[in-house]
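Sharing a structure below in structure tokens format, with a few things to ask.
Worth knowing before you read on, the calculation uses all heavy atoms, side chains too, and leaves out hydrogens, waters and symmetry mates. Ligands are counted one by one from 1 in listed order, and the atoms in each one are counted from 1 as well.
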Amino acid sequence: MSKLPLSAAKDPMGAAIYEYHTEGKAAKLRVFSSQFDEDEIPVADLFRGFDEMPYLEKVALEMAQGSILDVGAGAGCHSIALGQMGKRATAIDISPLSVQVMRERGVNARAADFFDPTFVEQYDTVLLLMNGSGIIGRVENIGKFFDRLKVLVRPGGCALMDSSDLRYLYEDEDGSFAIDLAGDYYGELDYQMQYRNIKGGVFDWLYIDFQTLSYYAEQNGFRVKLVAEGEHYDYLAKLTLL
Ligand code: SAH
């Protein structure tokens with residue numbers, strides 16, 4: 001089912017991106033989760049340049065080649081950096097407000113849902129960054145995710161996705177882990193965002209450890225490679241068709 005159109009009244013992140021783009025500053029983008037205390041996303045971070053990007057994102061942008069799809073592109077920071085590197089990127093996002101901002105920033109952007117079966121173009125590199133596994137939502141959706149990658153990744157191409165192993169959140173002081181193996185996968189979070197008086201709906205956002213990703217990748221006909229690791233249980237994976 002397509003998430004489009006995401007209405008402006010339900011799109012706090014798009015509103016924050018739009019205000020930062022037009023005003024040069026923004027209010028707090030608040031993040032709620034049933035699992036954690038309230039947090040916030042610094043809106044300026046969504047406008048980061050290459051030099052301000054985390055190491056794993058830089059590696060992904062250096063590796064990206066050919067025609068590139070930037071999935072869930074937000075304010076378009078990765079597409080813009082790719083353009084500055086002389087590379088060709090198309091950005092998609094379910095937020096029409098974000099897409100408008102990206103277009104005004106010169107990005108080739110369109111409002112599209114990664115999971116929309118009518119979106120059928122092929123790319124040499126599909127980029128999923130800033131916990132790109134988030135859009136999978138829950139482990140039970142991972143088959144659909146790989147089905148979509150089979151459509152979008154050109155033969156010989158790849159997907160580059162970053163994620164984190166959230167096990168450190170459950171680590172006890174003695175180094176053991178308090179994870180309930182019979183419960184839901186520990187990387188399945190629910191989020192809700194708010195910007196000014198605009199509150200979005202609750203959505204699922206998946207963080208997946210490399211081993212679990214590898215297991216499902218193989219089950220779904222993909223080879224997965226650990227390209228690089230970050231400083232805090234985060235990593236960049238390269239997915240190619242078997
Ligand atoms: N990649 C950007 C933004 C990350 S926030 C960056 O690194 O700064 C995640 C983005 O994914 C949001 O803009 C959200 O609207 C978008 N998104 C969520 N689900 C999506 C889907 N199914 N298809 C396309 N975009 C999606």
Problem set entry | For ligand 1, the portion of Ile135 having any non-hydrogen atom under 4.0 Å away |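 For Ile135, the contact with ligand 1 is made by the side chain alone.
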Exercise. Can you find an N or O of Cys77 that's nearer than 3.5 Å to an N or O of ligand 1?
Worked result: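 Between Cys77 and ligand 1, no N or O pair is found under 3.5 Å apart.
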Problem set entry | Polar side chain donor-acceptor pair, Ser79 to Asp70, under 3.5 angstrom |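 Distance-only check passes for Ser79 and Asp70.
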For this session: Answer yes or no: does an N/O atom from Gly72 fall short of 3.5 Å to an N/O atom of ligand 1?
Result: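 In this structure, Gly72 places an N or O atom under 3.5 Å from an N or O of ligand 1.
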Hey, can you pull the donor-acceptor pairs under 3.5 Å for the side chains in residues 208-218, sequence neighbours left out?
residue	atom	partner	partner atom	Å
Asp209	OD1	Tyr185	OH	2.5
Asp209	OD1	Thr212	OG1	2.6
Asp209	OD2	Gln211	N	3.2
Asp209	OD2	Thr212	N	3.0
Asp209	OD2	Thr212	OG1	3.1
Ser214	OG	Phe210	O	2.7

Exercise. Got a sec: does the OH of Tyr55 have more than 12 other heavy atoms crowding it under 6.0 Å?
Worked result: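 Check fails, neighbour count at 12 or below.
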Problem set entry | ligand 1 contact on Ser98 by region, counting heavy-atom pairs under 4.0 Å |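 Contact part for Ser98 vs ligand 1: neither.
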Exercise. Has Glu231 got more than 12 heavy atoms of other residues, nucleotides or ligands less than 6.0 Å from its CD?
Worked result: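 No, because the 6.0 Å sphere around CD of Glu231 holds 12 heavy atoms or fewer from other groups.
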Exercise. Does Ala75 approach ligand 1 within less than 4.0 angstrom via side chain, backbone, both or neither, non-hydrogen atoms only?
Worked result: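 Answer for Ala75: neither.
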Problem set entry | Nitrogen or oxygen atoms of Asp93 and ligand 1 under 3.5 Å apart |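 Yes.
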For this session: State if Arg48 counts as touching ligand 1 under the rule of any non-hydrogen atom under 4.0 Å.
Result: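 Yes, Arg48 has heavy atoms under 4.0 Å from ligand 1.
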Exercise. So among Thr125, Thr90, Asp124, which one has a side-chain hydrogen bond (donor to acceptor under 3.5 Å, both in side chains) with Ser67?
Worked result: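 Exactly one pass, corresponding to Asp124.
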For this session: Using a strict 4.0 Å cut-off to heavy atoms of Phe114, name the atoms of ligand 1 that fall inside it.
Result: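 Counting from 1, the qualifying ligand atoms are 21 (C), 22 (N), 23 (N), 24 (C).
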Exercise. Are more than 12 heavy atoms from other residues, nucleotides or ligands located less than 6.0 Å from atom NZ of Lys238?
Worked result: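 At most 12 heavy atoms, drawn from other residues, nucleotides or ligands, come within 6.0 Å of this atom.
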Exercise. Counting each atom of ligand 1 from 1 as listed, which ones have a heavy atom of Gly74 under 4.0 Å away?
Worked result: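 Counting from 1, the qualifying ligand atoms are 3 (C), 13 (O).
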Exercise. Does one side chain, of Asp116 or Thr118, offer a donor that lies under 3.5 Å from an acceptor on the other?
Worked result: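 Yes, Thr118 and Asp116 have a side-chain donor paired with an acceptor closer than 3.5 Å.
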For this session: Taking only heavy atoms of Leu129 into account, list the atoms of ligand 1 that are under 4.0 Å away from them.
Result: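 Selected atoms, number and element: 1 (N), 7 (O).
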Exercise. Going by the atom numbers of ligand 1, which of them fall below 4.0 Å from some non-hydrogen atom of Leu46?
Worked result: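 That gives atoms 8 (O) of ligand 1.
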For this session: Determine, for Lys28 against Glu38, whether the closest basic-nitrogen to carboxylate-oxygen distance falls under 4.0 angstrom.
Result: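 Salt bridge between Lys28 and Glu38, a charged N being under 4.0 Å from a carboxylate O: no.
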Exercise. Does atom NZ of Lys150 have more than 12 heavy-atom neighbours from other groups under 6.0 Å away?
Worked result: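 Above 12, so yes.
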Exercise. If you count the atoms of ligand 1 from 1 in the order shown, which ones are under 4.0 Å from a heavy atom of Ala112?
Worked result: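 Ligand 1 atoms under the 4.0 Å threshold to Ala112: 23 (N), 24 (C).
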For this session: Give the atoms of ligand 1, by number and element, whose distance to some non-hydrogen atom of Met13 is under 4.0 Å.
Result: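 In order of numbering, the contacting atoms are 5 (S), 12 (C), 13 (O).
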Exercise. Backbone or side chain, does any N or O of Asp113 fall under 3.5 Å from an N or O of ligand 1?
Worked result: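 Between Asp113 and ligand 1 (N or O atoms, distance only) the closest approach is under 3.5 Å.
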For this session: Could you tell me which atoms of ligand 1, counted from 1 in the order shown, lie closer than 4.0 angstrom to a heavy atom of His78?
Result: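 Within the 4.0 Å cut-off of His78, ligand 1 contributes 6 (C), 7 (O).
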Exercise. If you take all heavy atoms of Ile198 and Ala9, which pair is closest and at what distance?
Worked result: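 Here Ile198 and Ala9 meet closest at CG2-O, 3.4 Å.
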